[in-house]
Structure formats: C-alpha cells, structure tokens
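Take a look at the structure set out below.
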Amino acid sequence: MAKFNEAIISIRPTFAEAILSGRKTVELRRRIPPVEVGGRLWIYATRPVAAVVGFAIIDTIFRGTPQAVWETYSDRIAINRGDFDRYFEGAREAIGIRLSTIQRIQPIGIERLRIWKEGFHPPQVLSRITASEAKRLLQMSSFEEENVSNVVRFLRA
C-alpha cells in the first residue's frame, strides 16, 4: 500500500484541542495508517466542530504492546489509563504517531471543505490529499492573514 505525504485525519474535538495546545503530542491508533514520517497530517475535528483546525508533521511512527506504549508515552497522549485500556482492549499492538511542528489554523468548516474538494466527506480515520489540495488548504487557512498583508503592502506603496 502506498504511503501518503499529505492526509486528513479525523480526531474527536477534545483530542484535537489537546494536540493544538501541545498537551497531546502522540496520536494513538490500533493500526498503522498509510502515512510517511515527515508527512503532514491535517487535523479534522469531528462534530460538533466539523472543521480542519490545524496540522502537524509526523515525527515518528512507533508500535509496541499497549502496556509498553502506555509506560513510554502516557504523559503525551492526553487520555487516562481506563480509556486507554478500553481503546486497546483485545489489541496485541498499539500504534503511536509522534507529532511535531503543530500548527493551529483558522478553522476551515465542512461547508468550505465541500467547496474545496467536491464530494468531500470527513474521513472515517484518514484520507489522502494531493500536494495541490494541501496547498489550497494552506491558502484557505490563512485567508485573513493574506488579506492583512496585502493591505499592509498597499499602504506602504
């Protein structure tokens, strides 16, 4: 299976906020998603937020027993032991995606995402996007900032 360099990942709003605030630097999964180390994950906060709210670079992907992952990364996952154990119940392996260069963006709501990419549906887990789609997301996320900088240049001219 080909690995993705740009992807959108669905995350519950509380965990998305924990990532954006820096309290959560490791995203947990039961399976390894098809993403590359060094790739960019766009963070889609599920309902009721329903928006891309930031992005992060994949620093490392690691795997181990749930116990080993808990012992090593429990201070970076923003989840209590009971919820962790419930999530990994019956799993032999836990996957962690260590995130770096975390960036909060102006939220891009579901309505704008459906204009950005015709037929867009939030991914169940993860969805690949092209480099040009990622570039457009980046432009959309800084729309207000671009307008401000254009005004500043105009006033200085």
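Positions are given from 1 along the sequence.
- The CD1 atom of I102 lies 6.5 Å from the OG1 atom of T25; values are rounded to the nearest 0.5 Å.
- The side-chain heavy atoms of F55 and T101, taken from C-beta on, include no pair separated by under 4.5 Å.
- Put simply, CD1 on I32 and CD1 on I95 are 4.0 Å apart, with the number rounded to the nearest 0.5 Å.
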Exercise answer: donor-acceptor pairs, residues 42-52 side-chain atoms, under 3.5 Å, sequence neighbours excluded:
{"from": "W42", "atom 1": "NE1", "to": "E6", "atom 2": "OE1", "distance (Å)": "3.0"}

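- Of all non-hydrogen atoms in A78 and F15, the two that sit nearest each other are O-CE2, 3.3 Å.
- A distance-only check finds a donor-acceptor pair linking the side chain of S10 to the backbone of P123 [under 3.5 Å].
- Classification of the F84-W70 ring pair by plane angle, with boundaries at 30° and 60°, yields tilted.
- Between L113 and I108, the shortest heavy-atom contact is CD1-O, 3.4 Å.
- In this structure, R128 and T130 approach most closely via the heavy-atom pair NH1-CG2, 3.7 Å.
- Nearest heavy-atom pair across R40 and I57 is CB-CD1, 4.0 Å.
- The shortest heavy-atom contact between V26 and G96 is CG1-CA, 4.0 Å.
- With contacts defined as side-chain heavy-atom distances shorter than 4.5 Å, the pair I129/I8 qualifies.
- Classification of R29 and E27 as a salt-bridged pair holds, one side-chain N sitting under 4.0 Å from a carboxylate O.
- Applying the 6.0 Å contact sphere to CD of E71 captures more than 12 heavy atoms from other residues, nucleotides or ligands.
- Here the closest heavy-atom approach between residue Y87 and residue L28 is recorded as OH-O, 3.8 Å.
- Contact check for D85 versus D83: no side-chain heavy atoms found under the 4.5 Å cut-off.
- Using a cutoff of 4.0 Å between basic side-chain nitrogens and carboxylate oxygens, E17 and R104 are scored as salt-bridged.
- Between I19 and I11 there is a side-chain heavy-atom pair separated by less than 4.5 Å.
- Counting only distance, with no hydrogens or angles, the side chain of K24 and the backbone of R76 share no donor-acceptor pair below 3.5 Å.
- A distance of 9.0 Å separates CE in M140 from CD1 in I105, rounded to the nearest 0.5 Å.
- With rounding to the nearest 0.5 angstrom, the CG atom of D59 is 5.0 Å from the CZ atom of R98.
- For the pair R114 and F120, the cation-pi criterion (under 6.0 Å, within 45° of the ring axis) is not fulfilled.
- Note: I9 CD1 to S127 OG = 11.0 Å, rounded to the nearest 0.5 Å.
- Rounding to the nearest 0.5 Å gives a distance of 12.0 Å between CG of L126 and CD of Q124.
- The number of heavy-atom neighbours closer than 6.0 Å to CZ of R81, taken from other residues, nucleotides and ligands shown, is above 12.
- Under a cut-off of 6.0 angstrom, the local environment of CZ in R12 is sparse, with at most 12 non-hydrogen atoms contributed by other residues, nucleotides or ligands.
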